[in-house]
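Every number for a ligand or one of its atoms is a count from 1 in the order of the listing.
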Amino acid sequence: MGRLLAWRLARAGHRVSVVDPASCPAEPVAAGFTAAGMLSPLAEREHAEPEVVALGWRSLQLWPGIAAALARPGLVKTEGSLLLAHGCDLGAALRVLARLQGEPEPLNAAALQMLEPALAPDLKAWWLPGEGQLLPRELLVSLAEQAPGVDWQWGRRAMAVRPHVVDLDDGRRVDADLVIDTRGLGAKPDLPTLRGVRGEVLWLHAPGVALNRPVRLMHPRHRVYLVPRPGDVIVVGASEVESEDRSPVSLRSAVELMAAAHSVLPALAEARIVHMETNLRPALPDHKPRIDHESGLLRINGLFRHGWLLAPALAEKALEHV
Ligand SMILES: Cc1cc2nc3c(=O)[nH]c(=O)nc-3n(C[C@H](O)[C@H](O)[C@H](O)COP(=O)(O)OP(=O)(O)OC[C@H]3O[C@@H](n4cnc5c(N)ncnc54)[C@H](O)[C@@H]3O)c2cc1C
């Protein structure tokens with residue numbers, strides 16, 4: 001959220017300073033680095049408020065233009081996604097589908113085979129047109145590197161944030177017309193009801209296993225998705241654990257995520273597990289994003305499971321306040 005706003009405001013001619021604890025643009029500190037990068041307002045409708053869904057569709061309109069302005073159009077794709085279920089879980093899947101709006105379109109076996117030939121042939125499938133995905137790490141780096149003239153304070157942390165003033169951890173203070181607080185979970189001292197929700201992902205290297213778009217398995221016990229990345233990598237995610245523990249991925253999450261992924265894409269049997277990662281989603285009690293504005297201070301937080309899905313539309317909405 002912070003990097004997108006910095007980029008947008010700098011391009012609009014404002015003088016922008018960013019305080020970022022990362023030592024360089026590519027250091028993966030923010031939850032945004034861990035995210036799978038799914039842009040799925042329809043599939044997330046099962047648990048997300050209508051407001052999140054509406055902002056999500058607006059962001060899907062905005063992301064391609066942002067990627068084009070960064071001269072990286074390939075970082076965002078909107079080629080749809082699939083919901084999948086095993087036949088034995090059809091009952092549970094139909095309950096989920098009933099809670100989605102927009103009526104996902106059922107696909108027959110031949111259509112599924114044509115779209116995603118590597119998927120297990122006996123899967124039930126539904127098509128979600130218009131959904132998309134983006135490459136979070138590349139976008140975060142591009143936004144930081146291409147924000148014109150931004151005074152980037154790498155390796156610095158805000159100790160206190162108040163209207164017009166940010167106190168830094170080296171004792172200096174930054175004065176500004178407007179302070180924008182996008183610290184995610186780091187804003188907890190000022191937003192006591194904010195909590196971190198642990199999410200775990202793993203990366204598989206699977207040369208020759210073609211997956212053309214994100215797919216999500218509707219499983220009675222887990223929500224598991226597989227997201228293709230360049231270089232024959234498939235990201236499998238994500239757990240959702242009520243904990244602020246940032247320690248490495250648990251055996252239980254790894255086993256459940258990998259078993260589900262293998263059941264969907266049997267050719268993953270020989271894939272190599274190349275990376276596992278944990279991070280915390282910043283969530284408010286109602287799981288909705290929140291914008292607070294007073295003179296000299298704008299706070300944006302509570303992006304929970306949907307930071308990438310929400311960011312451009314939320315930036316647009318937040319800047320209307322100022
Ligand atoms: C496993 C997982 C999978 C996900 N998948 C998706 C997905 O597919 N699609 C999607 O839309 N969303 C996804 N998300 C959610 C998304 O990552 C978050 O909603 C989003 O990152 C929140 O953005 P943010 O900018 O508010 O917080 P963050 O991304 O956490 O960024 C907060 C920033 O503030 C900095 N900060 C903290 N404290 C301070 C301080 N004191 N001073 C200065 N800076 C500070 C942090 O270092 C960080 O850079 C996923 C999250 C996880 C964990």
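- Between Arg15 and Asp151 there is no salt bridge, since no side-chain N of the basic residue sits under 4.0 Å from a carboxylate O of the acidic one.
- Every atom of ligand 1 with a heavy atom of Ala35 under 4.0 Å away is listed here by number and element: 3 (C), 4 (C), 5 (N), 6 (C), 13 (C), 14 (N), 17 (O), 50 (C).
- Proximity to Gly199 (heavy-atom distance under 4.0 Å) selects the following atoms of ligand 1: 1 (C).
- Close contacts of ligand 1 with Phe304, meaning ligand atoms under 4.0 Å from a residue heavy atom, involve 15 (C), 16 (C), 18 (C), 19 (O).
- We find that Asp175 and Arg173 are joined by a salt bridge, their nearest charged nitrogen and carboxylate oxygen being less than 4.0 Å apart.
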Would you be so kind as to tabulate the donor-acceptor pairs closer than 3.5 Å made by side chains of residues 29-37, with sequence neighbours excluded?
residue : atom : partner : partner atom : Å
Thr34   : OG1  : Glu277  : OE2          : 2.7
Thr34   : OG1  : Asn279  : ND2          : 2.9

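- Checked against a 3.5 angstrom limit, the closest N/O atoms of Ala36 and ligand 1 fall inside it.
- When each atom of ligand 1 is checked for a heavy atom of Val201 under 4.0 Å away, the hits are 1 (C).
- Salt-bridge check for Arg183 with Asp190: passed, with a basic side-chain N closer than 4.0 Å to an acidic carboxylate O.
- The residues Arg299 and Asp181 are annotated as salt-bridged, a charged nitrogen and a carboxylate oxygen being separated by less than 4.0 angstrom.
- Residue contact check for ligand 1: Val19 places a non-hydrogen atom closer than 4.0 Å to it.
- Summary of contacts: the protein heavy atom closest to atom 28 (P) of ligand 1 is Ala31 N, 3.7 Å.
- Ring geometry for His306 against Phe304 counts as perpendicular: the plane angle is over 60°, on a 0 to 90° scale with 30° as the lower cut.
- Residue-ligand proximity: Tyr225 is placed with a non-hydrogen atom under 4.0 Å from ligand 1.
- Nearest protein heavy-atom contact of atom 27 (O) of ligand 1 is Gly184 CA, 3.8 Å.
- Those atoms of ligand 1 with a heavy atom of Ala158 less than 4.0 angstrom away are 40 (C), 41 (N), 42 (N), 43 (C).
- For the pair Pro282 and ligand 1, the shortest N or O to N or O distance does not fall below 3.5 Å.
- Annotation for ligand 1: atoms under 4.0 Å from non-hydrogen atoms of Val29 are 47 (O).
- Interface of Met38 with ligand 1, defined as ligand atoms under 4.0 Å from a residue heavy atom, comprises 7 (C), 8 (O), 9 (N), 10 (C), 11 (O).
- From the protein, the heavy atom lying nearest to atom 10 (C) of ligand 1 is Arg305 O, 3.3 Å.
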Arg11 and Gln146: side-chain hydrogen bond (donor to acceptor under 3.5 Å, both in side chains), yes or no, with the steps? CA-CA 9 Å; Arg11 273 169 62 90; Gln146 295 191 42; over 6 Å; no

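- For atom 23 (O) of ligand 1, the closest heavy atom belonging to the protein is Leu303 CD2, 4.0 Å.
- Ranking protein heavy atoms by distance to atom 44 (N) of ligand 1, first place goes to Pro21 CD, 3.2 Å.
- For ligand 1, one of its N or O atoms has an N or O atom of Trp308 under 3.5 Å away.
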Quick one: side chains of residues 62-79, donor-acceptor pairs under 3.5 Å with protein atoms, not counting sequence neighbours, listed by atom name and distance.
residue : atom : partner : partner atom : Å
Trp63   : NE1  : Trp308  : O            : 2.9
Arg72   : NH1  : Ser142  : OG           : 3.4

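- Nearest to atom 29 (O) of ligand 1 among the protein's heavy atoms is Gly32 N, 3.0 Å.
- Checked by atom type and distance alone, the side chain of His219 pairs as donor or acceptor with a backbone atom of Arg221 at under 3.5 Å.
- Distances from atom 40 (C) of ligand 1 to the heavy atoms of Arg183, His306, Met1, Arg156 show the closest one on Arg183.
- Of all protein heavy atoms, the one lying nearest to atom 53 (C) of ligand 1 is Arg281 CG, 3.6 Å.
- In terms of modelled atom types and a separation under 3.5 Å, the side chain of Ser243 and the main chain of Asp245 share a donor-acceptor contact.
- Taking only non-hydrogen atoms, the option from Gly186, Gly307, Ala311, Ala238 nearest to atom 38 (N) of ligand 1 is Gly186.
- Looking at Glu131 and Arg213, no side-chain N of the basic residue comes within less than 4.0 Å of a carboxylate O on the acidic one, giving no salt bridge.
- Ser23 and Glu27 are linked by a side-chain donor-acceptor pair at a separation below 3.5 angstrom, with hydrogens and angles left out of the test.
- For the pair Ser59 (side chain) and Leu309 (backbone), a donor-acceptor distance under 3.5 Å is present.
- Close contacts of ligand 1 with Thr182, meaning ligand atoms under 4.0 Å from a residue heavy atom, involve 32 (C), 33 (C), 34 (O).
- Using a cutoff of 4.0 Å between basic side-chain nitrogens and carboxylate oxygens, Arg198 and Glu244 are not scored as salt-bridged.
- Look at Gly237 and you'll find every heavy atom at least 4.0 Å from all atoms of ligand 1.
- Between Ala30 and ligand 1, not a single N/O pair is under 3.5 Å apart.
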